Amino acid sequence: MSFFTDLAHQYIDGEWRPGKGSWDIIDFNPFDGEKLASITVATADEVDQAYRAAETAQQAWGDTNAYARRAVLEKALRIVEDREAEIGDAIVAELGGTRLKAAFELHLAKEFLRESIQLALRSTGQILPSPTEGKENRVYRVPVGVVGVISPFNFPFLLSLKSVAPALALGNAVVLKPHQNTPVCGGTLVAKVFEDAGLPAGLLNVVVTDIAEIGDALLEHPVPQVISFTGSDKVGRHVATVCAANLKRSVLELGGNSALIVLDDADVDYAVDAAVFSRYVHQGQVCMAANRILVDRSVEQEFTEKFVAKVASLRVGDPADPATQIGPLINSTQAEAIAALVDQTVEAGATALLHGRADGNLVSPSVLTGLAADSPVLSQEIFGPVALLVPFDGEDEAVRIANDTPYGLSGAVHTGNVERGVRVGQRIRTGMIHINDGTVHDEPIVPFGGEKSSGLGRLNGDSMLDAFTTQKWISVQHGRSQFPF
C-alpha cells in the first residue's frame with residue numbers, strides 16, 4: 001500500500017530518511033497478514049541526531065509568538081479533517097481497528113488538537129508579593145525544552161497526538177518513538193501531518209526503532225527533560241527508574257484492571273450495554289477496559305443472562321467491514337496468550353459461559369465466572385476480549401473487590417441513585433470513575449491518569465501545563481536590598 005510505503009522512513013530534522021540499523025521492522029495488517037511496509041530501524045546515533053535537532057530547533061520555537069504556534073496547530077487540525085477517511089483506513093489496516101473504533105479514535109484526536117490550539121495561549125505567569133520592600137516576584141511558565149514521547153499500539157494516532165500536540169503548542173520540541181506494531185499511525189503519519197502544517201524542521205522527529213537496537217538511549221539521553229510514556233506498567237516502571245536515575249520527569253499512563261460495578265438498584269439493561277462496550281471495544285485492547293464486572297447477587301442472574309446473550313451476538317471478523325464489532329488482536333503473540341489465559345483459567349476451576357477461541361489473530365469473546373477469590377486473573381490486566389463476572393453482596397464487598405488490584409485507572413458504578421454511586425466511587429482507589437456510564441472515556445480538558453500501578457501524573461487540559469512546562473522565578477528589586485554584611 002503506497003500510503004504506508006511512502007511513510008516507511010525515519011523523520012529526523014525535517015528529512016525523510018532510511019534508518020541505519022541492521023534489521024527491519026515489518027509492518028503487518030493483523031487481520032490478513034498483508035505486509036504494509038518495511039522500515040529499517042534507527043540506531044542510537046540517529047536517536048542522538050533527532051534529540052540534537054530538536055534541541056537546536058526548540059530555541060527559536062520557544063521564543064515564537066504563541067499565536068504563531070497556534071496557527072500551526074490549527075492547520076494540523078484542518079489536515080486531519082481533510083484526510084479523515086484516509087487516516088481511518090490506515091487505522092483499520094495497521095492495527096485491526098474496526099470502523100467504529102477508527103471513527104472513535106479520529107473524533108478524539110480532533111478534539112485533542114482543538115484543545116492544544118487553545119493551550120498555546122494558556123501558558124500564563126504570575127506576579128507574587130514579596131516580604132522584601134521594593135521587590136517584585138515574577139513567575140514565568142516556560143517550555144521544558146525537549147520532550148520524548150513513547151506511544152502504544154492500541155490508539156496510536158490519538159495517543160501520540162495527545163502528548164505531541166500540547167508539547168509543541170507550549171513551545172517544546174519532540175522526539176516521538178511509536179510502537180513497533182504501529183510505526184505509521186503512531187509515528188510517521190503524525191510527522192507528515194505536522195510537516196504539511198508548516199511546523200519548522202527539527203521540532204518533531206520520529207524514530208522507528210526498538211530497545212534491542214538502542215537500549216535505553218531514548219530515555220538516558222541528556223537532552224529531553226520529560227519522557228511521556230503510554231504502555232504497560234512493567235515497561236513504565238523501567239521508564240520511571242531510568243528517568244529518575246537521570247533526574248528527568250516522567251509522565252506515565254499505564255495499564256488498568258478496571259471494575260464496572262452493578263448495584264442492586266441499577267438499570268440492568270443499560271448496565272449490560274455499558275459493560276459490553278467497556279469490555280469489548282477494540283477487542284479489549286484498552287487500558288480503561290472493564291476487566292472485571294462486579295454484579296450484586298440480587299441482579300446477578302438477570303444481568304448474566306442478558307450480558308452473555310449480547311456478547312454472543314457480537315460479530316467477529318474483518319475490521320474493514322462496518323458490521324464487524326470484534327476485529328483482530330494486534331499480533332499472534334497477543335492472540336495466543338489470550339486464548340491460553342482463558343484455557344488456563346477454566347482448567348483452574350472457572351466456568352466459561354462463553355469460551356473464546358483463536359483463529360489467527362481473531363479471538364472470539366469469552367465470559368468467565370465462578371472464579372476463586374485468589375484467582376490470579378482477577379488482579380491482572382487482560383488486553384483482550386475476556387470478561388470476568390464477579391458477584392458480590394452489598395456495597396462494602398463491591399468496594400473491597402474493586403480495590404483488590406495493583407491498578408487504579410478507571411471504573412464505573414451503575415445505580416438508580418446517582419449520589420449513592422458517587423459515594424461508592426469515592427471509596428475506590430482509581431484516577432477516574434464514571435457513574436452510570438462505561439469505563440472507557442477520555443476528554444480533552446479533564447485530568448486523565450491513574451493511581452497505584454496505573455501511572456504517574458496527569459494529562460489533558462491544564463494538566464498539560466504541569467507536564468510540559470516548568471516554572472521560573474525572576475525577582476526584580478526596584479529599590480535597594482539591605483545585606484547583613
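Note: hydrogens, waters and symmetry copies are ignored here, and every other heavy atom, side chains too, is used. Predicted model only: the values in this text are computed from it and were never measured.
- Taking the charged nitrogens against the carboxylate oxygens, Arg78 and Glu84 have no contact shorter than 4.0 Å, which rules out a salt bridge.
- Listed by chain and number, the residues in a ring pair (Phe, Tyr, Trp, His ring centres under 6.0 Å) with Phe229 amount to none (sequence neighbours excluded).
- Tyr280 is linked by a ring pair (Phe, Tyr, Trp, His ring centres under 6.0 Å) to nothing, counting only residues two or more places apart in sequence or in another chain.
- Sequence neighbours left out, not one pair with a member in residues 309-365 passes ring-ring contact (aromatic ring centres under 6.0 Å, His included).
- Residue pairs meeting the salt bridge (charged side-chain N to carboxylate O under 4.0 Å, His left out) criterion with at least one member in residues 428-445, sequence neighbours excluded, are Lys162-Asp442.
- Identified under the ring-ring contact (aromatic ring centres under 6.0 Å, His included) test for residues 323-346, with sequence neighbours left out: none.
- Under the salt bridge (charged side-chain N to carboxylate O under 4.0 Å, His left out) criterion, the residue pairs touching residues 340-354 are Asp343-Arg357, with sequence neighbours excluded.
- By the ring pair (Phe, Tyr, Trp, His ring centres under 6.0 Å) test, Phe383 is found to be paired with Phe153, residues two or more places apart in sequence or in another chain being considered.
- With sequence neighbours excluded, no residue forms a ring pair (Phe, Tyr, Trp, His ring centres under 6.0 Å) with His107.
- Scored by the salt bridge (Lys or Arg N to Asp or Glu O under 4.0 Å) test, Asp273 finds Lys310 as partners (sequence neighbours excluded).
- When the side-chain contact (heavy atoms from CB on, under 4.5 Å) test is applied to Thr304, the partners found at least two apart in sequence or on another chain are Glu300, Val308, Leu353, Leu389.
- Under the 30°/60° scheme for interplanar angles, the aromatic rings of His9 and Trp16 are found to stand perpendicular.
- The only option from Val295, Leu378, Leu368, Ile293 that meets the side chain to side chain contact (heavy atoms under 4.5 Å, CB included) definition with Val390 turns out to be Leu378.
- Screening residues 285-321 for ring-ring contact (aromatic ring centres under 6.0 Å, His included) gives Phe303-Phe307 as the qualifying pairs, with residues at least two apart or on separate chains.
- Pairs passing the side chain to side chain donor-acceptor pair (under 3.5 Å) check and including a residue from residues 381-398, sequence neighbours excluded, read Arg297-Asp393, Glu395-Arg420, Asp396-Arg427.
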